[in-house]
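Before any comments, here is the structure.
Please read all numbers here as calculations on a predicted model, not as lab measurements. Read the numbers this way: they start at 1 and go in the same order the structure lists the ligands and their atoms.
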Amino acid sequence: MYFQQGIHKFSGRNYLCFVKTDIGQDIACAISFLKQGETVAIPTETVYGLAADAMNEDAVMKIFEAKGRPTSNPLILHFPSIEAIHPYVTEFPDTLLQLATQFCPGPLTFILPKSSLVPSLITAGQETVAVRVPEHPMTLELLRSIDFPIAAPSANRYGGISPTTAQHVSSQLNERIPYILDGGACQTGLESTIIGLAEGKVIVYRLGGIPLEELSNSLGYIPEVKNDVHEGVRTSGMVKYHYATETPLHFLRKQEYKDSDGTILFSKKGTHTTSINAYFLSEDGDLNEAAKNLYAALHEMDQRHFTRIFIEEFPNIGLGKTMNDRLKRATAKFD
Ligand code: TXA
Ligand code: MG
């Protein structure tokens, strides 16, 4: 149970403050909050999402309020299957549908022309909507049990590091949301890859959990990556400073670091440091394992109050490309 403590001012608007945020594995409880127009954090294979009934604008507004996110930034709709998406879009081009058949459920989001069912608050007034089918058994069960899609951005405060455990959500949104559905640590650990179609070609708007090489293999060409700020499409993955820690974060190049600094290193194997201030993302140089651990490492190291954190750049292949992209945005704040 939660109690409404009172109405508080935030960003010029009122928001509800909850005495307590419960964490549990009760899907029925999560559904009950969603049906009451409340927000609930849900596990996905990428990162935890902050969910609300996408057809209820008051509920969707609570997502923006809890995150401190501007409403100019559109949200992704989550569905239990590809078929369930159809009423919410006017078109699902064959090229994208084929990718959907191959990769869904999974970390791939499609930008498609929206149908009149989708409220403009979801799309920030744009005529396109972002849709995906997440791959997490609890969330799929939840989605199959309701008759509305769920809007869900990552369950972090705006600009912060995306959460990959229920505890990460709690450390940022405690008392701002009534319930966190705990589905363990996210398997992929990086947000979904966002794609759309322009003049018959697939465009990648955000690098993510599906590596570019896998899309290229399936398409027979390398899709263009347009993930810098430009007109027409807005994704928060395009914001220059994003996914940032509080502690100054830099790429580990040749600089000397001190005892008061922390380091995040790719692989334990072949590394000689025994420093207690070092965090290893993978035992053996595995990019998927490193991706799964990356945000947890940033969360943990950020809490250890180092003067600075240095992180190794990844080989620019597979999920290494996605991680380098995120880190460029996270370190840009401190350049
Ligand atoms: O893996 C994920 O995608 C996670 C999980 C929870 O599903 N969600 C996520 O949501 O990363 P969020 O809101 O943090 O990032 C979604 C991105 C934003 O950058 C948003 O601007 C973009 O998707 N987006 C949403 N609708 C769009 C649209 N119609 N056109 C272009 N970009 C859009
Ligand atoms: Mg996000």
Side-chain angles (χ1 to χ4, degrees), residues 39-52 54 60 63-64 66-79 88-89 103-115 118-136 139-140 142-143 149-164 168-169 172-173 180-181 183 186-198 203-210 226-244 291 295 322 325-326 329-330:
T39 58
V40 167
I42 53 164
T44 83
E45 80 285 28
T46 60
V47 300
Y48 274 73
L50 182 57
V60 173
I63 293 179
F64 290 102
K67 277 182 67 91
R69 167 162 161 157
T71 52
S72 56
N73 206 331
L75 304 175
I76 298 177
L77 296 188
H78 296 67
F79 295 88
Y88 297 87
V89 301
F103 293 106
C104 298
L108 192 57
T109 293
F110 302 88
I111 306 286
L112 295 168
K114 78 176 198 73
S115 80
V118 180
S120 62
L121 182 59
I122 298 289
T123 66
Q126 299 182 93
E127 286 308 306
T128 55
V129 62
V131 295
R132 91 176 190 93
V133 182
E135 187 174 22
H136 190 290
T139 291
L140 280 173
L142 179 149
L143 287 167
I150 269 180
S154 50
N156 50 279
R157 295 277 293 159
Y158 183 63
I161 306 162
S162 296
T164 52
H168 296 159
V169 178
Q172 298 189 64
L173 297 178
I180 302 171
L181 186 62
C186 301
Q187 280 303 317
T188 304
L190 299 169
E191 299 82 351
S192 59
T193 301
I194 302 182
I195 62 172
L197 202 63
I203 310 277
V204 174
Y205 294 112
R206 179 175 71 181
L207 293 169
I210 300 283
K226 276 193 178 173
N227 61 349
D228 287 317
V229 184
H230 70 284
E231 269 175 52
V233 180
R234 282 162 288 168
T235 76
S236 63
M238 290 176 176
V239 178
K240 195 173 171 209
Y241 310 129
H242 207 66
Y243 310 101
Y295 290 154
T322 304
D325 169 80
R326 297 294 188 275
R329 295 168 207 276

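The Mg ion (ligand 2) has an N, O or S atom of Ser154 under 2.8 Å away, backbone or side chain.
With Thr128 contributing its side chain and Ile111 its backbone, the two residues share no donor-acceptor pair below 3.5 Å. Looking only at distances, no side-chain donor or acceptor of Thr193 sits under 3.5 Å from a matching main-chain atom of Leu207.
Considering only heavy atoms from C-beta on, Leu121 comes within 4.5 Å of Thr71 through its side chain. The closest side-chain heavy-atom distance from Arg206 to Ser192 is below 4.5 Å. Considering only heavy atoms from C-beta on, Val47 comes within 4.5 Å of Tyr295 through its side chain. Within the 4.5 Å cutoff, side-chain heavy atoms of Tyr158 are placed close to those of Asn73. Contact of the His136 side chain with the Leu181 side chain is not registered, since no non-hydrogen atoms from C-beta on lie closer than 4.5 Å. Looking at heavy atoms from C-beta onward, Thr139 lies out of side-chain contact with Ile150 at the 4.5 angstrom threshold.
Every residue meeting the side-chain contact (heavy atoms from CB on, under 4.5 Å) condition with Gln172, not counting sequence neighbours, appears here in chain and number order: Asn156, Arg157, His299. Evaluation of the side-chain contact (heavy atoms from CB on, under 4.5 Å) rule for Ala52 yields Thr39, Ala59, Ile63 as partners, not counting sequence neighbours.
Counting atoms of ligand 1 from 1 in the listed order, those under 4.0 Å from a heavy atom of Glu191 are 1 (O), 11 (O). Taking every heavy atom of Thr46 and a limit of under 4.0 angstrom, the matching atoms of ligand 1 come to 1 (O), 2 (C), 4 (C), 5 (C). Taking every non-hydrogen atom of Ala152 and a distance limit under 4.0 Å, the qualifying atoms of ligand 1 come out as 6 (C), 8 (N), 10 (O). When each atom of ligand 1 is checked for a heavy atom of Gly49 under 4.0 Å away, the hits are 6 (C). Shown in contact with Ile194 at under 4.0 Å from a heavy atom are these atoms of ligand 1, numbered in order with element: 17 (C), 23 (O).
When the heavy atoms of Pro163, Pro153, Pro74 are ranked by distance to atom 25 (C) of ligand 1, first place goes to Pro74. Looking at Ala51, Ala155, Ser154, Ala151, it is Ser154 that brings a heavy atom closest to atom 14 (O) of ligand 1. With distances taken over non-hydrogen atoms, the option nearest atom 21 (O) of ligand 1 out of Leu190, Leu50, Val131, Asn73 is Asn73.
In terms of polar-atom proximity, defined here as any N/O pair under 3.5 Å, Arg69 does make such a contact with ligand 1. Residue contacts with ligand 1: Thr123 is placed with no nitrogen or oxygen under 3.5 Å of a nitrogen or oxygen of the ligand (distance criterion only). Every N/O-N/O distance between Thr44 and ligand 1 stays at or above 3.5 Å. Considering backbone and side-chain atoms alike, Arg132 places an N or O below 3.5 Å from some N or O of ligand 1. Here's the thing with Ser192: one of its N/O atoms is less than 3.5 angstrom from an N/O atom of ligand 1. Considering backbone and side-chain atoms together, Thr109 places no N or O closer than 3.5 Å to any N or O of ligand 1.
For the side-chain contact (heavy atoms from CB on, under 4.5 Å) with Thr44, the qualifying choice from Glu135, Glu191, Arg132 is Arg132, the only one to do so.
Residue contacts with ligand 1, taken as heavy atom pairs separated by less than 4.0 Å, involve Leu75 solely via the backbone atoms N, CA, C and O.
Within the 4.0 Å heavy-atom shell around ligand 1 one does not find Pro134.
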